[in-house]
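The figures here come from the full heavy-atom set of this structure, side chains too, leaving out hydrogens, waters and symmetry mates. Quick caveat: nothing in here was measured; it's all calculated off a predicted structure.
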Amino acid sequence: MNRDGLKKNMLLKKKNEKGNVSGNGDCERKENESTHIFRVLAVEAEQVLVIDCIKKTMPVWIELGKLNDFVEEKEMQESNQSGETDIDILEEYSPDIKKIIYQRYNIISTILPFVSDEAMRSGLIAKMAEEHGISKQSVRKYLCEYLASQDIRSLAPQERNTQRALTRDEKNMRKALNKYYYTTKKRTLKNVYTLMLKDSYCDTDGKLFLVYPSFYQFRYFFRKYNKKQTEYISRNGLSYYQRNQRPLVGDGVQAFAPCVGVGMLDATTLDIYLINEAGGIVGRPILTACVDAYSGLCCGYSLSWEGGTYSLRNLMLNVITDKVEHCRSFGIEINRQDWNCNKLSGKFVTDMGSEYKGTVFEQITDLGVQIINLPSYRPELKSKVEKFFDCIQGYYKNQLKGKGVVEPDFQERGVHDYRKDACLTMAEFEKIIIHCIIFYNTKRVLENFPYTEDMLKKEIAPYANEIWNYGCRQDGCNLITIDREQLILTLLPRVTGKFTRFGLSVNGMHYHNINYREQYLNGKECLVAYNPDNVCQIWLIENGAYISFDLVESRFREKDLTGVQAMKQWQRDLVRQETGSRIQAEIDLARHINVIARASGEQTKPSVKNIRANREKEQKRLHKDFGKDVAINA
């Protein structure tokens, strides 16, 4: 290579240079060791400043004659061949990588003009290392990388390959953790370590090997590879993780309740024992509630001894009840703005309880209500109603200690029997519950409610009733007006009935409506709503309308369905008991008839003549004068 053919940044490679393939097949490493590729950085007289592009050591001056065996090597990628700027060629990198590239280039940019002067270059390397708080070796590395490639992308940090094969000890540790630690038995890390040694580091006689991992090595491996989510779910279960340990991100209930009209339903057994009017202990009442997910207002409640569908029906009726009149019936006066709720929510959020999964409650969708069923064991998804129960019980339990309130230790042995403290009736306790709900709606400060700018301008007080009243005036308010009778009929259980000649047959009884005579002869089936508490009336559901039918059998009037079924079963039992006697009586009857028939003997065939005369003769013979007996007795 002559001096005239040399150009700055030219790549030179030795002629006919080939790599040696090793016996182990490591071709690439051997080729790099034997290959010489230089980049020309400067040319002066008979000397050339070059940098080794393979070893990437500092540039050196070599005599021109030593490059006679070299030829020009074309670059694989020309970074600036198409006129791309640094911004263009770095487009594929993330902002963090770009930042590092520019920082490293700024460090060496001062040195680049003085690369050919070794003394100046060394001084600037030391200065830049001290100025940026890094080692001189790092500055040399950045400089050599850039000079060898003449591409700013070479300053990008290299991705470290942290994946490596686990050692035998690490595999044993992983196996022990999967087998003993990530289980519901919740073993301690020390116990798992001991079990690992027993399984993998003992001979057939159970003697520990001389060499085995220490507990500190085991604990280090655990901390390095342990994932908290896997640990929580495997040791505590998925439902517990979702309730108590999962990351809480997002807007919470506001994500699916951006306005008034999403009611959350749930029920709980209260921690207090009540008595009846006679002073006998009845037990713990059930509180069922509907809480608005947006504002937190209690839309309605049901306090009863029965749960399930009954409490839900009672709850829905309470939701649409005028709360001022309802409170007045208990001797409590409130302002309408304190509890201004007498409409159904457009959406109901429930869990997978049996009363919610049944077809009876789902019938409320006939009114335009949407039901959202949540997964089981996910109380955090309906946190508003769960918080309501927590608050209500907290209000009265502190004031009613010693009056039947159940304390957390009630299941422990030897503790006080809280049932003996009961002194409140259901009517008295319901007054307390109403006062607690009024306080919950009107005086509980909602510190973390996501206020909007409009709410702040209007200075909406941070109470559930104030937010509810504000939300009812906004667009998107999803409330449904419904009358009491329509709601009751909608939530009645339904069954398939059939028209017969004896009337409309439902639940083994027959009903009549004067306008349906023709249908009795058709024998078609139909959908019927019935009241299980009184069988006197049923309602035929036809085109969304409820048509009343009256009971035909008077013996079943004013009875509930259970009582009617009990009567029918009782009758069936009586009939079944007499079945044996009836069969025996039939056998006896046949025997008597046969005895009499055999006693008549064999007779000749009678003549078919004079039948009328014979009949008149027999009538006179067997005729009795009943008046004669009366005259004699007189």
Side-chain angles (χ1 to χ4, degrees), residues 257 260-270 284-327 329-330 339-374 379 382 384-393 426-427 429-434 436-438 440-441 464 468 478-493 531-533:
V260 166
V262 180
M264 293 183 167
L265 308 180
D266 204 0
T268 188
T269 302
L270 298 179
R284 296 162 62 180
I286 298 173
L287 178 62
T288 309
C290 173
V291 177
D292 182 62
Y294 174 77
S295 62
L297 181 92
C298 175
C299 301
Y301 76 96
S302 170
L303 188 66
S304 62
W305 298 114
E306 298 181 50
T309 305
Y310 173 83
S311 63
L312 278 176
R313 188 183 301 117
N314 194 29
L315 169 64
M316 293 296 104
L317 291 174
N318 184 264
V319 168
I320 65 172
T321 299
D322 187 336
K323 302 304 188 297
V324 175
E325 296 298 329
H326 177 73
C327 293
S329 66
F330 287 90
W339 201 353
N340 188 21
C341 177
N342 58 357
K343 299 179 182 179
L344 283 182
S345 300
K347 294 181 181 180
F348 284 132
V349 179
T350 70
D351 54 22
M352 296 297 286
S354 58
E355 64 270 30
Y356 304 113
K357 292 190 295 184
T359 56
V360 175
F361 182 66
E362 289 182 353
Q363 292 165 186
I364 202 171
T365 57
D366 294 348
L367 303 176
V369 176
Q370 179 185 357
I371 298 178
I372 301 174
N373 290 317
L374 299 175
K382 48 184 177 63
K384 292 286 185 179
V385 68
E386 297 291 344
K387 184 63 178 178
F388 168 78
F389 289 138
D390 184 55
C391 291
I392 294 299
Q393 298 216 80
M426 175 68 87
F429 183 66
E430 188 162 1
K431 292 181 182 180
I432 295 174
I433 288 296
I434 291 176
C436 291
I437 292 176
I438 294 172
Y440 175 88
N441 286 342
W468 166 272
N478 190 9
L479 298 176
I480 299 174
T481 302
I482 189 71
D483 63 85
R484 184 180 180 87
E485 181 180 352
Q486 181 72 14
L487 180 59
I488 292 175
L489 292 174
T490 301
L491 292 179
L492 287 177
N531 181 9
D533 297 323

Less than 4.5 Å apart, any side-chain heavy atom of [X] and any of [Y]?
X	Y	answer
Leu489	Leu492	yes
Val319	Leu487	no
Cys436	Ile432	yes

task: Applying side-chain contact (heavy atoms from CB on, under 4.5 Å), run through Leu344 and Ile364 and close with a yes or a no.
output: CA-CA 10 Å; Leu344 283 182; Ile364 202 171; 4.2 Å; yes
Item checked: Sole residue of Leu287, Thr268, Asn441 in side-chain contact (heavy atoms from CB on, under 4.5 Å) with Phe388 ->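 Going through Leu287, Thr268, Asn441 one by one, the side-chain contact (heavy atoms from CB on, under 4.5 Å) with Phe388 is satisfied by Leu287 alone.
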Interatomic spacing from [atom1] in [X] to [atom2] in [Y] - rounded to 0.5 Å:
X	Y	atom1	atom2	result
Ile488	Ile320	CD1	CD1	7.5 Å
Glu362	Asn373	CD	CG	7.0 Å
Leu303	Asn314	CG	CG	9.5 Å
Thr350	Met264	OG1	CE	11.0 Å
Ile286	Trp305	CD1	CH2	9.0 Å
Cys290	Asn318	SG	CG	10.0 Å

**Audit row: Val262, Tyr294, side-chain contact (heavy atoms from CB on, under 4.5 Å) steps and yes/no** = CA-CA 7 Å; Val262 180; Tyr294 174 77; over 6 Å; no
- [ ] List the steps and the verdict of side-chain contact (heavy atoms from CB on, under 4.5 Å) for Cys299 and Trp468.
- [x] CA-CA 10 Å; Cys299 301; Trp468 166 272; 3.9 Å; yes
*asked:* Counting only heavy atoms from other residues, nucleotides and ligands, does the tally under 6.0 Å from CZ of Phe389 exceed 12?
replied: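 Yes, because the 6.0 Å sphere around CZ of Phe389 holds more than 12 heavy atoms from other groups.
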Practice item. Kindly check if the number of other-residue, nucleotide or ligand heavy atoms within 6.0 Å of CD (Glu485) is above 12? Key: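 No, because the 6.0 Å sphere around CD of Glu485 holds 12 heavy atoms or fewer from other groups.
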| request: Determine the interplanar angle of the Trp339 and His326 rings, folded into 0 to 90°, and report it as parallel if under 30°, tilted if 30 to 60°, perpendicular if over 60°. | output: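 Geometry flag for His326 against Trp339: perpendicular rings.
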- prompt: Under the side-chain contact (heavy atoms from CB on, under 4.5 Å) criterion, do Asp292 and Lys384 qualify, and how do the steps go?
  reply: CA-CA 8 Å; Asp292 182 62; Lys384 292 286 185 179; over 6 Å; no
